*Asks:* 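One structure, as structure tokens, below. Some questions next.
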Amino acid sequence: MSVITTHRDGEVLVIVSDNPPVNALGAAVRDGLVAAMDEALANDDVKTVVIRCDGRTFFAGADITEFGNPKAGSVDLNTVINTIESSPKPVVAAIHGTALGGGLEVALGCHYRVAVPSAKLGLPEVKLGLIPGAGGTQRLPRVVGVEAALPMVTSGDPIPAKLAASIGLVDKLVGEGSLEADAVEFARGVIGNASHPVSSARTDKIAGTGSGVFDAFRKTNARRLKGFDAPEAAIKAVEIATKHPFAQGLPMERALFEPLLAGAQSAALRHLFFAERAANKIDNLPADTPILPIARVGVIGAGTMGGGITMNFLSAGIPVTMVEREQAPLDRGVATIRKNYENTAAKGRITADQVEQAMSLLTPSLSLEDLAQCDLVIEAVFELMEIKKDVFGKLDAICKPSAILASNTSYLDINEIATSTSRPEALIGLHFFSPANVMRMLEVVRGAKTGASALATSMKIAKTIGKVAVVAGVCHGFIGNRILAARQKQGEAMLLEGILPERVDRVLTDFGFPMGPFQMADLAGLDIGWTKETSDPTRINYALCERGRLGQKNGAGFYDYAADRTRTPSDEVNALILDFADKSGLRRSDVSDEEILERLLYPMINEAALILEEHIAQRASDIDVMYVHGYGWPSFTGGPMFWAGTQGLDKVVAGLGKHADKWPDLSISKLLRDKAAKGESFA
Ligand code: T1G
């Protein structure tokens, strides 16, 4: 059965693609589309054409699995699109689902576009380290103008069909359940038009565009685009569209596309694309494992984490009962949730009605008893085992038998927590990352006795609330924080050598992290786990707590913070650090940035390899997904394990040896050594 079929509806030829799962524009689809257009042009009874797709979506782009090994003999996408655009008979794209990348480029080659209101349209190529390679940067600005095109091409984020209609990208919104019929009717309606719009020939939307627009856009978006190659190429390509005829612009777009396709950043980002999807696949979990319905969620704790966790479910339309012990913190928690939604609405990202809709699903409570009918309960109480066990002991008596009981703990032993209940199969870790309503990462911690349904349901609900989930086994810190501890330990050691916080942080921000270890410590709070009674003045961060320097929250930590949270190095702290270094006898003046980077990152790679050896993580790419989405590891390097492979594992092992005196108790992973010796990567 061909992936492309045609059928007639009177004088309209309807071309249908059926290439699951997302109608990717693979070789068979491309060849089939050209053959179908030839059929349309050869048949005088055919006056107009509709192109649509079966399944979940209109073409969602080129077939990413083909990159680097195009099917021999198939026509390329530019040929397909030019065949459509040069047709004397009008062609109408009928869009549902997500018209993305090459899919939107095909639609732009059509003379008209109709879409159902729930459809989305976008050019996500930059998310793969690419730019559109089949005319998208040349046609889109000609259809919608530069101001609307630039954000689409450089962010890669799709826009809803209604917005697309308002900027002229979609000609008509049609019925959700009558896409083909409405598209055919639209196609009939244009047969009599004297001419039909040809995207590549239009100049009305780009005439007179000056270079200032592009420089201003670069300046405004510099922070967001920092470190990525593709967005700058995309801006250049759109600027080309305003300065050159299409026939010249198309090859110039290609000339910008090819080096990106061959480049390291695209290889890294394509790796992450598939890694995110691989993370959903769980070893020894039967595919037919029952998924439990989650109709109501309970969250214990209305603080930063509890409130953020609650918002994930409210935003997904799932009612939440949020429980605190006292009225004041409960009220504060509710007010904070409302404020967060209202801030989002103020930026135009949601409507006021959506704010009220989300808030209407929230039930504040002072009693755990109110969680009796919840299908999933997540605790976000203080990180102390005794407190966790007390809470779960009570939940065991209150919650219905089918309830899943989850802990948001970031490093405590789920297996020990489970001993406080009679239902260890219901216990799981759902480790959200702060701010929980923003960070996409969810670490799903599988206890020794966690049941298959609890695990499968947790993975499904993670996707429902828009999270990227990675399964971790139980150890101190699971995957994420155990690896992070290796980096933090080296950071602290560097202070004792007189290397100041701003230099260590700069080395990591230059690498591509949004912030370094000391900025992060200030953000989290230096007093986590610290008390006056148990303080240890020989540790610099505790010495800072003793001086009342608790971090960003009280304006002073490793750095000084102004009211607007801008930070400056602290002379007081730097003097203290140098004093510590002098007294320790470890002060050095010969440390290079390269050494700092190696000593921060190589122990993380080693710890990750140990985690793989211990089967705490299912696969190396899961660790890449975890670090990119949970800890800000720069995605254009592919994540720690992919990056280590690009460096060469032998270089990592040699680096661990070179600085061995800096980590006397470090055990080098056998897996890492073996792979290095064989010249392998973690892929
Ligand atoms: N090519 C090949 N496979 C793809 C694919 C693609 N473009 N998109 C998705 N898949 C697979 C995916 O790996 C998974 O496989 C299954 O489909 C379901 O995906 C020339 C050069 C469309 C929004 O970047 O954003 O066009 O794991 O789990 O959550 O200028 O997939 O089941 O084996 O993500 O419902 C541009 C990428 C390409 C779109 C659906 N297009 N895809 O999300 O399902 S470059 C994209 C997505 C390009 C042109 C350039 C999403 C989705 P498996 P899924 P979903």
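Every number for a ligand or one of its atoms is a count from 1 in the order of the listing. As the structure is a prediction and not an experimental result, all values here were calculated from the model.
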*Asks:* Once you round to the nearest 0.5 Å, how far does CG of Leu256 lie from CG of Leu130?
*Replies:*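 One finds 12.0 Å between CG of Leu256 and CG of Leu130.
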*Asks:* Which atom pairs, nitrogen or oxygen on both sides, join ligand 1 and the protein at under 3.5 angstrom?
*Replies:*
residue, atom, partner, partner atom, Å
ligand 1, 1 (N), Ile64, N, 2.9
ligand 1, 7 (N), Ala62, O, 2.9
ligand 1, 26 (O), Ala62, N, 2.8
ligand 1, 26 (O), Gly102, N, 2.9
ligand 1, 27 (O), Lys281, NZ, 3.2
ligand 1, 30 (O), Glu105, OE1, 2.6
ligand 1, 30 (O), Glu125, OE2, 2.8
ligand 1, 30 (O), Gly133, N, 2.8
ligand 1, 34 (O), Arg277, NE, 2.7
ligand 1, 34 (O), Arg277, NH2, 3.1
ligand 1, 35 (O), Arg56, NH1, 2.5
ligand 1, 41 (N), Ala60, O, 2.9
ligand 1, 44 (O), Arg56, NH1, 3.0

*Asks:* Are the side chains of Tyr341 and Met311 in contact, using a 4.5 Å heavy-atom criterion?
*Replies:*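 The answer is yes; the side chains approach within 4.5 Å.
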*Asks:* Could you check, using the six-membered ring where one of them is a Trp, whether Trp643 and Phe511 have ring centers closer than 6.0 angstrom?
*Replies:*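 Yes, the ring of Trp643 comes within the 6.0 Å limit of the ring of Phe511, centre to centre.
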*Asks:* With Ala62, which residues qualify under side chain to side chain contact (heavy atoms under 4.5 Å, CB included), at least two apart?
*Replies:*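 Scan of Ala62 (side chain to side chain contact (heavy atoms under 4.5 Å, CB included), adjacent residues dropped) gives Phe67.
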*Asks:* May I have all residue pairs that pass salt bridge (charged side-chain N to carboxylate O under 4.0 Å, His left out) and include part of residues 136-158, sequence neighbours excluded?
*Replies:*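 For residues 136-158, and leaving out neighbouring residues, the salt bridge (charged side-chain N to carboxylate O under 4.0 Å, His left out) pairs sorted by first residue read Glu85-Arg139, Lys127-Asp157.
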*Asks:* For residues 246-266, which residue pairs qualify under salt bridge (charged side-chain N to carboxylate O under 4.0 Å, His left out), counting only residues two or more places apart or in two chains?
*Replies:* Arg254-Glu258
